[in-house]
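As structure tokens, the structure follows; a few thoughts come after it.
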2 protein chains.
Amino acid sequence: MAKAAKPLTELEGTTALPRAVPRGGPGVAPCGACAVRPLAICAAMPLEHLAQLAAIVTSVSLTAGQPLFLEGEPARHHFIVTGGALKIYKLLSDGRRQVTGFVFPSDFLGLANKETYAYSAEAMTRTELCRFRREKLEAMLDRFPQLERRLLAVANDELAAAQERMLLLGRKTAKERIASFLTTLGRTTSRRGESKQVVTLPMSRTDIGDYLGLSTETVSRTFTELKLAGIVRLEPKSRVRILDDRKINLLAECEDATLGL
Amino acid sequence: MAKAAKPLTELEGTTALPRAVPRGGPGVAPCGACAVRPLAICAAMPLEHLAQLAAIVTSVSLTAGQPLFLEGEPARHHFIVTGGALKIYKLLSDGRRQVTGFVFPSDFLGLANKETYAYSAEAMTRTELCRFRREKLEAMLDRFPQLERRLLAVANDELAAAQERMLLLGRKTAKERIASFLTTLGRTTSRRGESKQVVTLPMSRTDIGDYLGLSTETVSRTFTELKLAGIVRLEPKSRVRILDDRKINLLAECEDATLGL
DNA sequence: CGACGTCGTTGAGCTATGTCAAAACTGAGC
DNA sequence: GCTCAGTTTTGACATAGCTCAACGACGTCG
């Protein structure tokens, strides 16, 4: 849980506090050398104008558990994650929580927001991000249609993923949810080059439960079930090794399960 | 349920069948006179170039129960609904179904699709749509950045709505789901000018169940509960009258419940 | 206008998953 | 290596919502 750390935006807003968090201003973290650029929307930026992007970015970093922003705050920034991992979530007034997504390096963070943030975002590990003032990034979109096109594609993908999640939340059993979770996470981490057989879970059981619409206990029990069935092995450091690819994909029941991937 | 009618795209694809369904080609349904344009993305089209939009549109109509397209088919078209109502849904291999959305006049239909449709779409009542070949609409986006900007805004809104639905599906009780459903539907229909107190439900109890992640029986029971609690009245012609605005908003627990609207 | 098929409602019992509580593990610091 | 706080796992029990089944309402079509 959040350790009552103040959200970044508050720390910085209009106050004159020492800027503890941003690590560098324009030019300090040149986009040209960015490791996640090929996968991020920045890849759509024409190389010769990359400096314009670098000129409006601020690099920020968060420690585990630190909120980036809270639902309902004025949405002043967009972000691109360069390292670490965050969760985004919505709360009900009595504390029930739905984690609506996990955000990883190269992901764009800021869609779905209007005047205010539509959800809260909190770092799960030490996290690095590029921060853009909204107006400035949007002006950039005007100037570089390729960038806007790319953002639309990202929104499209997220929309498709959201519908997949609705199917999961509305109609899948606990076992299917966990299986889908593992295969989907495996697919996204392998997109960034890592093995698909070993999935690292930077989030707690509670977060997984709140993501899948289950209780912590059910998540835990279901992991044990999958373990006893020989489908996964639970390894140290929050790693899960997928032992039986076919079975877990069958359980996950995503259309692409039949691909046997 | 679908009456085994063939999806529109099949009926028309490359075959030489008489085009029974499209009601008019370019120019026949001039965008200038379109009743939903002010609310649809077409509103972002500069008036003086509206003819270009009209030039690439085909008007199609569906009868109740007729599929527009099926999940997995090549996604050749985008649509804008001009009349009626559709449901979009995803299926699991054993027939479990998640209705991921209802689509009403002025809504854009086509986001979230990649090469193939990410979900199936089926008319719930007699429905009229404008149909655009994907490439052509996308070429239009290139030419009219305002249009693309508008589409991005739509995607944004849908993303926010999707997250709200995840909260509903993952964490709300049956009563809260039905209450949220009614208030949200009331809000969208009032956007198109109708009363907010009387909500018309063009969809069956089964559809509502598949939309909210509940069984038909639970939907039905919950409606009766709300009725007995004096919160709604069930009227003929699938209408629901909201008697106690405050209570239903409290139940719905959407952040804006506190607005008392 | 009456019969039929579909859809919605109600009832009764079942089960997957939630809740509460305690035990076992894990990792950070000392 | 030991301790402590937090997390995960396991257990026992409770329950919201599901399933199966019957009944009722309603619109449609002959």
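Chain letters run A, B, ... following the sequence lines, proteins first, then strands; residues in each count from 1.
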Look at the side chain of R221(B) against the base of dT19(D) and say whether a donor-acceptor pair falls under 3.5 Å; ignore hydrogens and angles. yes
Using whole Å, report how far CD of E235(A) lies from P of dG27(C). 13 Å
If I compare all heavy atoms of R165(B) with all of V99(B), which pair ends up nearest, and what's the gap? NH2-O, 3.8 Å
Are any non-hydrogen side-chain atoms of R97(A) and Y211(A) less than 4.5 angstrom apart? no
Starting the side chain at C-beta, find the nucleotide from dT9(D), dC20(D), dT10(D) nearest to E217(B). dC20(D)
Taken to the nearest whole Å, CG/L212(B) to C1'/dG17(D) is 13 Å
What nucleotide among dC18(D), dG8(C), dT8(D) has an atom nearest to a side-chain atom of T218(B)? dC18(D)
Taking the basic N atoms (NZ, or NE/NH1/NH2) and the acidic carboxylate oxygens, is any pair closer than 4.0 Å for R171(A) and D210(B)? yes
Given atom CG of D207(A) and atom P of dT7(D), what is their separation to the nearest angstrom? 10 Å
Measure from CZ on R205(A) to P on dG18(C) and round the result to the nearest Å. 15 Å
Touch check for S220(A), heavy atoms < 4.0 angstrom, all strands: base, sugar-phosphate only, or nothing? base
Nucleotide nearest L214(B) when distance is taken to its side chain, options dG17(D), dG8(C), dT17(C): dG17(D)
Take atom CG of L226(B) and atom C1' of dT10(C), then tell me their distance rounded to the nearest Å. 16 Å
Rounded to the nearest angstrom, tell me the gap between atom CD1 in I178(A) and atom C1' in dT17(C). 12 Å
Round to a whole Å and report the spacing from CG of L234(B) to P of dT10(C). 9 Å
Base, sugar-phosphate, or nothing: which does S215(B) touch, judged by heavy atoms less than 4.0 Å apart? base
Pairwise 5' ranking along DNA chain D for R171(A) and T216(A), keeping only the more 5' one: T216(A)
Whether E164(B) and K90(A) form a salt bridge (side-chain N of Lys/Arg under 4.0 Å from carboxylate O of Asp/Glu) is what I want to check. yes
Can you measure L201(A) atom CG to dT8(D) atom C1' for me and round it to whole angstrom units? 13 Å
Look at all strands and tell whether G213(B) reaches a base, only sugar-phosphate, or nothing, counting heavy atoms closer than 4.0 Å. sugar-phosphate
Between dT8(D), dT17(C), dG17(D), spot the one nearest the side chain of T173(B), thanks. dG17(D)
Evaluate the side chain to side chain donor-acceptor pair (under 3.5 Å) criterion for residues S180(A) and K172(A): first the C-alpha distance (whole Å), next the side-chain angles of each, then the deciding distance (0.1 Å), finally the verdict. CA-CA 9 Å; S180(A) 305; K172(A) 288 189 184 178; 3.0 Å; yes
